[in-house]
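Below, each value reflects all heavy atoms present in this structure, side chains not excepted, and no hydrogens, waters or symmetry copies. Indexing begins at 1, ligand by ligand and atom by atom, following the structure's order.
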Amino acid sequence: MLKEKFKVAILDMNNDQPNQGLRCIADIVRGFEDEVDYTIFNVRGALELPDTSYDIYISSGGPDSPLEDGPWRIPYLNLVQELWDFNKNSEHQKKFMFFICYSFQVVCDYFKLGEMKPRGSTSFGVLPIHKTKRGLKDPLLKGLDDPFYAVDSRDWQLVQPRLKTFKEHGASILSLEKLRSHVDYERAIMAVRFSPEFVGTQFHPEADPIGMKAHFLADANKHRVIANFGEEKYDDMMDKMDDPDKIMKTHRIILPQFIRSAMKQLAPELIS
Ligand SMILES: NC(=O)CC[C@H](N)C(=O)O
């Protein structure tokens, strides 16, 4: 008998801007091509949204303010709420959702988990991400060191978590950005488990060294990074990209592990 494939929806939040993220997400999902079919939806650029018939939803990063009042926002949040309610009301069948960077920010703001605000300066590069106590035990980050390394690229941050709201939702903080020595800064929240099925990261778990390297070797991008962050930061970032223990490891573990574990929960008898 032909096995039915799992349905994956990739929600492209890039607003038609060139980016590396979507190719990386699609590459990871294609790694499961025997088990899944996937469709890409251009949410901000073309107001496309999946219905609730998919099993797994992966929502990408994207440019500009996560508080932007675009026409995509209400329909997008309605979908998130519908999937959230579905999980609450369905005992066995569940919907799985992964929120990356921009999507993480949008949904953390929607769930009112903390203050979403612009940073003093852009955070950009391959940075160490620290696990919290909960993060050390959570299956999302299993197999990664503490700290582990990931691509961070953002002007916004989620700080001052509302712990009461976290508790009410059953959510937990899984990782934080590096401790900054100047005391006035607050550490941004880098990963959240919203529920057993909904998770998100402020960093980019999909980033792969090949794409990142190609992107930053291109003259225009190289010059932009050097002009904004200096040559030292550029060289440091390029070095870290080659290190198999840094973004390659994060790329290989987080999203594939999420997809595998979702499939296992969706149809335990089909996956060995
Ligand atoms: N890489 C991203 O998705 C960035 C998200 C958002 N535009 C920010 O600057 O914080």
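A ring pair (Phe, Tyr, Trp, His ring centres under 6.0 Å) with F99 is found for one member of F111, Y110, F194 and no other, namely F194.
When atom types are taken as modelled, the side chain of K246 and the backbone of D242 share no donor-acceptor pair closer than 3.5 angstrom. Panel note: side chain D146, backbone K131; a donor-acceptor pair is recorded below 3.5 Å.
Ring centroids of F96 and F6 are separated by 6.0 Å or more, keeping the two rings apart.
The contact shell of ligand 1, taken as protein residues with any non-hydrogen atom closer than 4.0 angstrom, comprises G61, G62, P63, D64, C101, Y102, Q105, S153, R154, D155, W156, H204.
A cation-pi contact, defined as under 6.0 Å to the ring centre and within 45° of the axis, is absent between R154 and F104.
In this structure, R23 does not pair ionically with E206, as no charged nitrogen and carboxylate oxygen lie closer than 4.0 Å.
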